[in-house]
Trainee: 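Can you read through this structure? Questions will come right after.
This structure is a prediction, so every number in the text was calculated from the model and none was measured.
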Amino acid sequence: MNINKESIYGFLKQCERVLRVAKKPDTDEYKTVAKVTGIGIIIIGVIGFIIALLSQVLFYS
């Protein structure tokens, strides 16, 4: 891996560009993302529970 001044400078310029474009989410956007994330976690948990339940019923009966 070759690290020199130009590569570090280029990386810092890219970071600066990303930070300039990024914005803090407003309250509604934050709530929407939190709801979608929570629903996704619940769905994955339910699927895992169903798989565990089916495996116990099928293999341990």
Trainee: Could you grab the distance from atom CD1 of Ile39 to atom CD1 of Ile44, nearest 0.5 Å is fine?
Mentor: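 Answer for the CD1-CD1 pair, Ile39 versus Ile44, is 12.5 Å.
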Trainee: Would you give the length of the straight line joining atom NZ of Lys31 to atom CG of Asp26, rounded to the nearest 0.5 angstrom?
Mentor: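 If I round to the nearest 0.5 Å, the distance is 10.5 Å.
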Trainee: Could you check whether Lys24 pairs with Glu29 (Lys NZ or Arg NE/NH1/NH2 to Asp/Glu carboxylate O, under 4.0 Å)?
Mentor: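 No salt bridge links Lys24 with Glu29.
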Trainee: Count the heavy atoms belonging to other residues, nucleotides or ligands that lie under 6.0 Å from NZ of Lys23, then report whether that count exceeds 12.
Mentor: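 Counting neighbours around NZ of Lys23, more than 12 heavy atoms of other residues, nucleotides or ligands fall under 6.0 Å, so yes.
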Trainee: Any chance you could measure Leu54, atom CG, to Phe59, atom CZ, to the nearest 0.5 Å?
Mentor: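 Here the rounded value is 9.5 Å.
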Trainee: Could you grab the distance from atom CG of Leu19 to atom CZ of Arg17, nearest 0.5 Å is fine?
Mentor: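 CZ of Arg17 is found 11.5 Å from CG of Leu19.
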Trainee: Would you kindly confirm whether Leu58 and Phe49 end up in one hydrophobic cluster when ILVMFWY residues are joined by side chain heavy atoms under 4.5 Å apart?
Mentor: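 Different clusters: Leu58 never reaches Phe49 through Ile, Leu, Val, Met, Phe, Trp or Tyr contacts under 4.5 Å.
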Trainee: So which atom in Tyr30 and which in Pro25 form the shortest heavy-atom distance, rounded to 0.1 Å?
Mentor: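 Residues Tyr30 and Pro25, closest heavy atoms: N-CB, 4.5 Å.
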